[in-house]
Amino acid sequence: MDARERYFWDLAGYIVVRNVLDQEQIAAANEAIDLHRDRIRIAEDNLGARDSHALRGTGRPTMHDLLQLERPHCEPFRQMLVHPAVVLRLNVMCGTGFRLDHGPLLISGVKGTEGLTMHGAGEPHRPHVAYHHQNGGTYCGGVTVSWQLVDVNPGDGGFVCVPGSHKSGYPMPSGVRTCDDDMGTVVQPAMRAGDVLFFMDGAQTHGTRPWQSERPRRSVLYKYASRSSVRGGPARELAPPEIYWGEDLVDGMTPEQRAVMFGPYTNHGGEIPFLAVDDNGVVRIER
Amino acid sequence: MDTDLETYLFDLRGYLHLERALSIQEVGELNACLDEIPSLTPGEWYGYVQAHAYGDDTSGLNLQQIYEAGEPFENLIDHPSWFERVKCFVGGEGSFDYHHGPLFIDENFANFREPGEAIGLHSGGFPPILRNQFRYHGGRFMCGQINILMALTDIGPGDGGTMVIPGSHKSNFKHPHFDRHRMARDATVEGIEGAVEIHMAAGDALLFVDGISHGSARRSNTGTRRVVVYRYGPSWGNFRHGYQPSPELLQRLTPQRRRIVQPQQLLTREPQERADST
């Protein structure tokens, strides 16, 4: 990262690196998607917009398993996975040894596709994805890299964020979360096909606005984490104690003992029990 | 605006735009006061008001200690449009920081900027400066300096508006182009990546932590931009330029205003006779 990228990464919580893919690479990625269009799944309407008025629309189209497409169609996405532009920056952003936590995911959209309510922020603080600066170096537990396969012009919708929110000491107001009254804090970066967006996923407040362009949206998102952070993905499946440690080891444990034997996972679904000590000094499951 | 929303925006961006902070009447009275002051060159005094310029020569003329210029300016010291907000962001209530009172104004001036004039970029989170820092610690704000910049004329496109880099009050790095736009003769903040220009109507006030990177656009329109700036900090602060409020001003002020203008109660040394002298 040069001084300019470092400054704006620290200031705003995202950067756009221009012209990373050439026309041939963009075409190859788009062709791979076109040939596997039948794998695109469309969610139900307003699943992401929830209680927002500004973000309402039709269901969001997505495609998973891009790395598993039959050769040569997986190659564009495997190249993106460790593109030099990504490695150079993630070594600084997440630290060396960074890993792919989950994804890649194609997020598509047609005119009228719904947005996604804003999420992530400096407050409440979540250590595993937080942004931190110390002794001249920066660190972020969770960074998402989003490759643009089509142009995103001002007003098209798609990715939006609140610059600087990764350092916010206050929770986002409801009007910002829904974009119904964002007080001018939400911005939509304009990007060209071949540009790549890096943003602090979890630390920075971000979401999407409904897609407005006649041209379908195509962004491919890779969810990276630092070596010792866990965000989601396969970790959830591997977390149960009998899988993470093996059935023999946890056999016969009390629920309280099993509670601390889950593997690393963000507990996004809230299924991992937490412990507390009651007034009698007894350890019990709090929730 | 809701206090919680203002707090969120100030913490996020480093500034608040307080629309219609001053009434039309207040703006008129302030301008009338300024109209009474004759043309001065830097260094010249008019009563207890002194003309001054920052070393760059092209950022306009300042009239320092402007709260000496009359009651309209005294009314700004604890104006209800910003007083509680400033106290909140400077912080210290209930602690040793309040030993001499809630606040101190370490600089106050009117600025006149003519066509072609501007002030270059200065401040920012890095390099860190204790005096004007943004700080939030222990669930409270502890900012070193909160500025109130009041527009006495409309400031729109071409009028040389204040420019800020939102979020830079928390920057950990120096802007890569800082040196191209830093305060200097003929400097301006225009063109630096990340900066926005704040347009204000006469009567609006801009509240900002001085630790945010800021400066101004160059005025290209005819006429003169008029603003008033009051810089607030903790009560244990000191005057930037070594001024002292006049005895007449201190006598006129309400107790609350007096405490902000001169928080420190000076101890005078009087010759004493020994208790057992005859």
Side-chain angles (χ1 to χ4, degrees), chain A residues 1-16 18 92-93 118 120-125 130-140 161-178 180-187 189-190 200 203-206, chain B residues 1-19 88-89 91 121 123-128 134-143 164-181 192-199 209 211-214:
Chain A
M1 292 174 78
D2 61 18
R4 176 187 166 275
E5 287 187 357
R6 188 180 59 185
Y7 178 83
F8 284 101
W9 177 248
D10 173 73
L11 179 78
Y14 75 96
I15 56 171
V16 177
R18 308 286 179 188
V92 175
M93 294 171 176
M118 306 293 278
E123 170 62 28
H125 179 67
Y131 175 77
H132 181 66
H133 175 270
Q134 185 168 343
N135 299 335
T138 68
Y139 170 85
C140 185
C161 66
V162 176
S165 56
H166 57 301
K167 297 179 184 177
S168 183
Y170 289 85
M172 77 177 104
S174 61
V176 173
R177 184 182 61 80
T178 62
D180 287 332
D181 179 17
D182 66 20
M183 302 181 294
T185 61
V186 177
V187 303
M200 299 179 187
Q204 187 201 55
T205 300
H206 63 282
Chain B
M1 182 184 279
D2 184 281
T3 302
D4 286 345
L5 294 178
E6 284 192 341
T7 303
Y8 174 80
L9 285 179
F10 174 74
D11 172 71
L12 180 73
R13 293 171 161 171
Y15 69 93
L16 290 175
H17 183 169
L18 306 178
E19 295 183 358
C88 173
F89 298 142
L121 189 69
S123 292
F126 188 89
F134 172 89
R135 189 173 184 218
Y136 185 83
H137 182 66
R140 54 180 68 185
F141 289 100
M142 300 175 72
C143 295
V164 299
I165 300 178
S168 61
H169 58 307
K170 298 182 184 178
S171 277
N172 291 297
F173 301 96
K174 180 181 172 182
H175 194 293
H177 302 144
F178 186 93
D179 291 336
R180 294 185 204 168
H181 296 266
I192 194 168
E193 189 176 357
V196 300
E197 185 174 352
I198 312 292
H199 295 142
V209 59
I212 192 174
S213 292
H214 63 284

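So that the names make sense, note that chain A is the first sequence line, chain B the second, and so on, each numbered from 1.
B:Tyr8 and A:Met172 get closest at one heavy-atom pair: CE1-CA, 3.7 Å. Shortest non-hydrogen contact noted between A:Arg4 and B:Pro176 is CA-CG, 3.5 Å. What you find for A:Leu11 and B:Ser171 is that their closest heavy atoms are CD1-OG, 3.6 Å.
Distance check, rounded to the nearest 0.5 Å: CZ of A:Phe8 to CD of B:Glu193 gives 4.0 Å.
Between A:Tyr170 and B:Tyr136, the ring planes lie perpendicular to each other; the angle is over 60°, past the 30° to 60° tilted range.
Taking A:Ala3, A:Gly164, A:Ser168 one by one and counting their heavy-atom pairs under 4.5 Å with chain B, the maximum is reached by A:Ser168. The choice from B:Thr7, B:Asn172, B:Ile165, B:Leu12 that makes the most heavy-atom pairs within less than 4.5 Å of chain A is B:Asn172.
Residue pairs satisfying the salt bridge (charged side-chain N to carboxylate O under 4.0 Å, His left out) criterion with at least one member in residues 164-176 of chain A, sequence neighbours excluded, are listed as follows: A:Asp10-A:Lys167.
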Notebook entry, point to check: Can B:Arg13 and A:Thr185 be said to form a side chain to side chain contact (heavy atoms under 4.5 Å, CB included), step by step?
Noted result: CA-CA 9 Å; B:Arg13 293 171 161 171; A:Thr185 61; 3.9 Å; yes
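With a 4.5 angstrom heavy-atom cutoff, B:Phe10 does not touch chain A via any of its atoms.
Contacts of B:Ser123 classified as side-chain contact (heavy atoms from CB on, under 4.5 Å), with partners at least two apart in sequence or in another chain: B:Asn132, B:Asp210, B:His214.
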